[in-house]
Asks: 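There's a structure below that I have some questions on.
So that the names make sense, note that chain A is the first sequence line, chain B the second, and so on, each numbered from 1.
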Number of protein chains: 2
Amino acid sequence: MDIFKSVDLVKKANIYFDGNVTSRSFVDSEGERKSLGIMMPGTYNFGTAAAEIMEIVSGECEVKLNGSDEWKTYTSGTTFNVPANSNFDIKVKTVTDYYCSYIK
Amino acid sequence: MDIFKSVDLVKKANIYFDGNVTSRSFVDSEGERKSLGIMMPGTYNFGTAAAEIMEIVSGECEVKLNGSDEWKTYTSGTTFNVPANSNFDIKVKTVTDYYCSYIK
(Lines give C-alpha, C1' and ligand atoms only; values in the text may rest on other atoms or scores of the structure.)
Protein backbone atom coordinates (compact mmCIF):
# COMPACT_ATOMS: atom_id res chain seq x y z
CA MET A 1 0.00 0.00 0.00
CA ASP A 2 1.48 3.34 -1.04
CA ILE A 3 1.59 5.87 1.77
CA PHE A 4 2.78 9.48 1.73
CA LYS A 5 4.78 9.84 4.94
CA SER A 6 4.86 12.94 7.17
CA VAL A 7 2.66 15.20 5.10
CA ASP A 8 0.62 18.22 6.17
CA LEU A 9 -2.98 17.55 5.15
CA VAL A 10 -5.64 20.23 4.80
CA LYS A 11 -8.79 19.29 6.70
CA LYS A 12 -11.28 20.93 4.36
CA ALA A 13 -11.91 19.37 0.95
CA ASN A 14 -11.69 21.22 -2.35
CA ILE A 15 -15.12 20.83 -3.95
CA TYR A 16 -15.69 21.44 -7.67
CA PHE A 17 -18.58 20.80 -10.07
CA ASP A 18 -21.19 20.39 -7.30
CA GLY A 19 -19.03 17.77 -5.59
CA ASN A 20 -18.57 15.65 -8.70
CA VAL A 21 -14.88 16.42 -8.41
CA THR A 22 -13.31 16.74 -4.97
CA SER A 23 -9.75 16.75 -3.76
CA ARG A 24 -7.59 16.84 -0.65
CA SER A 25 -4.54 19.11 -0.63
CA PHE A 26 -1.36 18.26 1.19
CA VAL A 27 2.26 19.33 1.36
CA ASP A 28 4.71 16.46 1.31
CA SER A 29 7.79 16.03 3.47
CA GLU A 30 9.88 17.89 0.87
CA GLY A 31 7.55 20.87 0.86
CA GLU A 32 5.83 20.03 -2.42
CA ARG A 33 2.12 20.75 -2.85
CA LYS A 34 0.09 17.77 -4.04
CA SER A 35 -3.47 16.56 -4.06
CA LEU A 36 -5.49 13.37 -4.08
CA GLY A 37 -8.93 13.51 -5.62
CA ILE A 38 -12.03 11.76 -6.85
CA MET A 39 -13.90 12.45 -10.08
CA MET A 40 -17.38 11.06 -10.56
CA PRO A 41 -18.42 10.09 -14.10
CA GLY A 42 -19.04 13.16 -16.23
CA THR A 43 -17.30 15.67 -18.49
CA TYR A 44 -15.22 18.51 -17.09
CA ASN A 45 -12.71 21.15 -18.10
CA PHE A 46 -9.84 22.03 -15.78
CA GLY A 47 -7.40 24.88 -16.02
CA THR A 48 -3.83 24.81 -14.76
CA ALA A 49 -1.61 27.50 -13.29
CA ALA A 50 1.53 25.41 -12.71
CA ALA A 51 2.29 22.49 -15.00
CA GLU A 52 1.00 19.29 -13.46
CA ILE A 53 1.24 15.54 -13.58
CA MET A 54 -2.01 13.64 -13.22
CA GLU A 55 -1.76 10.00 -12.22
CA ILE A 56 -4.86 7.84 -12.47
CA VAL A 57 -4.79 5.66 -9.34
CA SER A 58 -8.00 3.84 -10.31
CA GLY A 59 -10.80 4.38 -12.78
CA GLU A 60 -10.90 5.33 -16.44
CA CYS A 61 -11.06 8.63 -18.27
CA GLU A 62 -10.42 10.20 -21.64
CA VAL A 63 -8.42 13.40 -21.87
CA LYS A 64 -7.97 16.04 -24.53
CA LEU A 65 -5.35 18.68 -23.88
CA ASN A 66 -5.89 22.25 -25.02
CA GLY A 67 -4.57 22.57 -28.58
CA SER A 68 -5.01 18.87 -29.32
CA ASP A 69 -7.85 17.21 -31.23
CA GLU A 70 -7.02 13.81 -29.82
CA TRP A 71 -8.77 12.09 -26.92
CA LYS A 72 -6.48 9.69 -25.08
CA THR A 73 -7.62 7.06 -22.62
CA TYR A 74 -6.03 6.75 -19.18
CA THR A 75 -6.57 3.98 -16.66
CA SER A 76 -5.08 2.78 -13.39
CA GLY A 77 -1.36 3.47 -13.13
CA THR A 78 -1.12 5.78 -16.15
CA THR A 79 -0.24 9.47 -16.10
CA PHE A 80 -0.55 12.53 -18.28
CA ASN A 81 1.13 15.92 -18.09
CA VAL A 82 -0.62 19.26 -18.49
CA PRO A 83 1.37 22.41 -19.33
CA ALA A 84 1.23 25.52 -17.14
CA ASN A 85 -1.47 28.10 -17.89
CA SER A 86 -3.40 25.66 -20.00
CA ASN A 87 -6.49 23.49 -19.66
CA PHE A 88 -7.82 20.10 -20.56
CA ASP A 89 -11.13 18.38 -21.19
CA ILE A 90 -11.77 15.14 -19.39
CA LYS A 91 -14.52 12.55 -19.80
CA VAL A 92 -14.61 10.42 -16.67
CA LYS A 93 -15.98 6.98 -17.59
CA THR A 94 -15.86 5.31 -14.18
CA VAL A 95 -15.23 6.77 -10.73
CA THR A 96 -11.64 7.95 -10.90
CA ASP A 97 -9.18 8.23 -8.03
CA TYR A 98 -6.29 10.52 -8.98
CA TYR A 99 -3.03 11.92 -7.68
CA CYS A 100 -1.95 15.36 -8.85
CA SER A 101 1.52 16.77 -8.42
CA TYR A 102 3.29 19.72 -9.99
CA ILE A 103 6.19 19.92 -12.39
CA LYS A 104 9.00 22.21 -11.37
CA MET B 1 -7.17 26.84 7.71
CA ASP B 2 -7.05 23.63 9.75
CA ILE B 3 -4.17 21.37 8.82
CA PHE B 4 -3.25 17.95 10.18
CA LYS B 5 0.53 18.10 10.58
CA SER B 6 2.95 15.22 9.92
CA VAL B 7 0.43 12.54 9.03
CA ASP B 8 0.88 9.37 6.99
CA LEU B 9 -1.64 9.52 4.16
CA VAL B 10 -2.78 6.49 2.13
CA LYS B 11 -2.55 7.19 -1.60
CA LYS B 12 -5.50 5.07 -2.65
CA ALA B 13 -9.02 6.28 -1.85
CA ASN B 14 -11.65 4.23 -0.05
CA ILE B 15 -14.60 4.06 -2.44
CA TYR B 16 -18.10 3.09 -1.27
CA PHE B 17 -21.56 3.17 -2.84
CA ASP B 18 -20.26 3.46 -6.42
CA GLY B 19 -18.14 6.45 -5.45
CA ASN B 20 -20.97 8.38 -3.85
CA VAL B 21 -19.05 8.10 -0.61
CA THR B 22 -15.25 8.24 -0.69
CA SER B 23 -12.64 8.77 1.96
CA ARG B 24 -8.92 9.19 2.53
CA SER B 25 -7.32 7.33 5.42
CA PHE B 26 -4.42 8.70 7.41
CA VAL B 27 -2.58 8.10 10.65
CA ASP B 28 -1.94 11.25 12.64
CA SER B 29 1.28 12.23 14.41
CA GLU B 30 0.07 10.45 17.56
CA GLY B 31 -0.57 7.21 15.72
CA GLU B 32 -4.35 7.56 15.57
CA ARG B 33 -6.25 6.36 12.48
CA LYS B 34 -8.54 8.96 10.95
CA SER B 35 -10.24 9.72 7.68
CA LEU B 36 -11.52 12.62 5.64
CA GLY B 37 -14.37 11.93 3.27
CA ILE B 38 -17.01 13.18 0.89
CA MET B 39 -20.61 12.02 0.70
CA MET B 40 -22.71 12.92 -2.32
CA PRO B 41 -26.45 13.48 -1.77
CA GLY B 42 -28.24 10.19 -1.13
CA THR B 43 -29.20 7.77 1.61
CA TYR B 44 -26.70 5.32 3.08
CA ASN B 45 -26.21 2.94 5.98
CA PHE B 46 -22.79 2.60 7.58
CA GLY B 47 -21.60 0.07 10.10
CA THR B 48 -18.96 0.69 12.73
CA ALA B 49 -16.36 -1.58 14.29
CA ALA B 50 -14.72 0.93 16.67
CA ALA B 51 -16.82 3.73 18.14
CA GLU B 52 -16.40 6.85 16.05
CA ILE B 53 -16.86 10.58 16.01
CA MET B 54 -18.16 12.08 12.79
CA GLU B 55 -17.62 15.79 12.28
CA ILE B 56 -19.44 17.53 9.46
CA VAL B 57 -16.88 19.93 7.98
CA SER B 58 -19.35 21.26 5.40
CA GLY B 59 -22.70 20.18 4.02
CA GLU B 60 -25.90 18.96 5.61
CA CYS B 61 -27.20 15.53 6.53
CA GLU B 62 -29.76 13.79 8.71
CA VAL B 63 -28.70 10.86 10.84
CA LYS B 64 -30.58 8.09 12.63
CA LEU B 65 -28.53 5.86 14.90
CA ASN B 66 -29.34 2.17 15.21
CA GLY B 67 -31.93 1.74 17.96
CA SER B 68 -33.22 5.29 17.61
CA ASP B 69 -36.36 6.44 15.80
CA GLU B 70 -35.18 10.01 15.63
CA TRP B 71 -33.55 11.71 12.66
CA LYS B 72 -31.21 14.51 13.72
CA THR B 73 -29.82 17.16 11.39
CA TYR B 74 -26.09 17.93 11.29
CA THR B 75 -24.41 20.80 9.47
CA SER B 76 -20.99 22.43 9.27
CA GLY B 77 -19.08 22.24 12.54
CA THR B 78 -21.39 19.75 14.27
CA THR B 79 -20.50 16.21 15.33
CA PHE B 80 -22.21 12.97 16.25
CA ASN B 81 -20.91 9.84 17.93
CA VAL B 82 -21.60 6.30 16.81
CA PRO B 83 -21.11 3.35 19.21
CA ALA B 84 -18.82 0.43 18.37
CA ASN B 85 -20.33 -2.50 16.47
CA SER B 86 -23.35 -0.49 15.49
CA ASN B 87 -24.65 1.28 12.42
CA PHE B 88 -26.45 4.40 11.35
CA ASP B 89 -28.64 5.64 8.53
CA ILE B 90 -27.69 8.90 6.91
CA LYS B 91 -29.57 11.09 4.43
CA VAL B 92 -27.07 13.42 2.79
CA LYS B 93 -28.91 16.58 1.70
CA THR B 94 -26.02 18.52 0.18
CA VAL B 95 -22.47 17.43 -0.66
CA THR B 96 -20.93 16.69 2.72
CA ASP B 97 -17.27 16.95 3.68
CA TYR B 98 -16.60 14.97 6.86
CA TYR B 99 -13.86 14.09 9.30
CA CYS B 100 -14.02 10.73 11.07
CA SER B 101 -11.98 9.80 14.11
CA TYR B 102 -12.25 6.99 16.59
CA ILE B 103 -13.14 6.98 20.27
CA LYS B 104 -10.71 5.16 22.51
Asks: Hey, is the main chain of B/K11 close enough, under 3.5 Å, to the side chain of A/D2 for a donor-acceptor pair?
Replies: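 Between the backbone of B/K11 and the side chain of A/D2 there is no qualifying donor-acceptor contact (under 3.5 Å).
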Asks: Is chain B contacted by the side chain of A/I38, its backbone, both, or neither, given a heavy-atom distance below 4.5 Å?
Replies: both
Asks: Look at B/I3, B/V57, B/T96 and state which one has the largest set of heavy-atom pairs under 4.5 Å with chain A.
Replies: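 Heavy-atom pairs under 4.5 Å are most numerous for B/I3.
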Asks: Indicate if B/Y44 and B/Y16 have the same hydrophobic cluster label, given that clusters are the connected sets of ILVMFWY residues with side-chain heavy-atom separations under 4.5 angstrom.
Replies: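 Looking at the clustering, B/Y16 is in the same group as B/Y44.
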Asks: Could you go through B/S58 and A/I15, starting from their C-alpha distance and side-chain angles, then the distance that decides it, and tell me whether this counts as side chain to side chain contact (heavy atoms under 4.5 Å, CB included)?
Replies: CA-CA 10 Å; B/S58 70; A/I15 299 178; 4.2 Å; yes
Asks: Please check if A/V10 and A/V7 belong to a single hydrophobic cluster, counting links between Ile, Leu, Val, Met, Phe, Trp and Tyr side chain heavy atoms closer than 4.5 Å.
Replies: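 Different hydrophobic clusters.
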Asks: Could you state whether A/M54 and A/V21 fall into the same hydrophobic cluster, counting links through intermediate Ile, Leu, Val, Met, Phe, Trp or Tyr residues with side-chain heavy atoms under 4.5 angstrom apart?
Replies: yes
Asks: Using modelled atom types only, decide if a donor and an acceptor are shared between the side chain of B/D97 and the backbone of A/K12 within a distance under 3.5 Å.
Replies: no
Asks: Out of A/P41, A/S25, A/G37, A/S29, return the one with the most heavy atom pairs under 4.5 angstrom to chain B.
Replies: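 Looking at each option in turn, the highest pair count goes to A/G37.
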Asks: Considering only heavy atoms, which portion of B/L36 lies under 4.5 Å from any heavy atom of chain A: side chain, backbone, both, or neither?
Replies: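 Both backbone and side chain of B/L36 come within 4.5 Å of chain A.
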Asks: Grouping I, L, V, M, F, W and Y whenever their side-chain heavy atoms are under 4.5 Å apart, do A/V27 and A/F4 come out in a common cluster?
Replies: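 Different clusters: A/V27 never reaches A/F4 through Ile, Leu, Val, Met, Phe, Trp or Tyr contacts under 4.5 Å.
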Asks: List the steps and the verdict of side chain to side chain contact (heavy atoms under 4.5 Å, CB included) for B/M40 and A/N20.
Replies: CA-CA 8 Å; B/M40 297 295 282; A/N20 286 297; 3.5 Å; yes
Asks: Between B/D18 and chain A, with a heavy-atom cut-off of 4.5 Å, which part of the residue counts as in contact: side chain, backbone, both or neither?
Replies: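 Only the backbone of B/D18 comes within 4.5 Å of chain A.
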Asks: Do you reckon A/F17 sits in the same ILVMFWY cluster as A/V95, going by side-chain contacts under 4.5 Å, direct or chained?
Replies: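 In one cluster: yes.
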Asks: Distance from A/L9 atom CG to B/R24 atom CZ, nearest 0.5 Å?
Replies: 10.0 Å
Asks: Counting only non-hydrogen atoms closer than 4.5 Å, does B/F26 touch chain A with its backbone (N, CA, C, O), its side chain (CB onward), both, or neither?
Replies: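 Just the side chain, heavy atoms under 4.5 Å.
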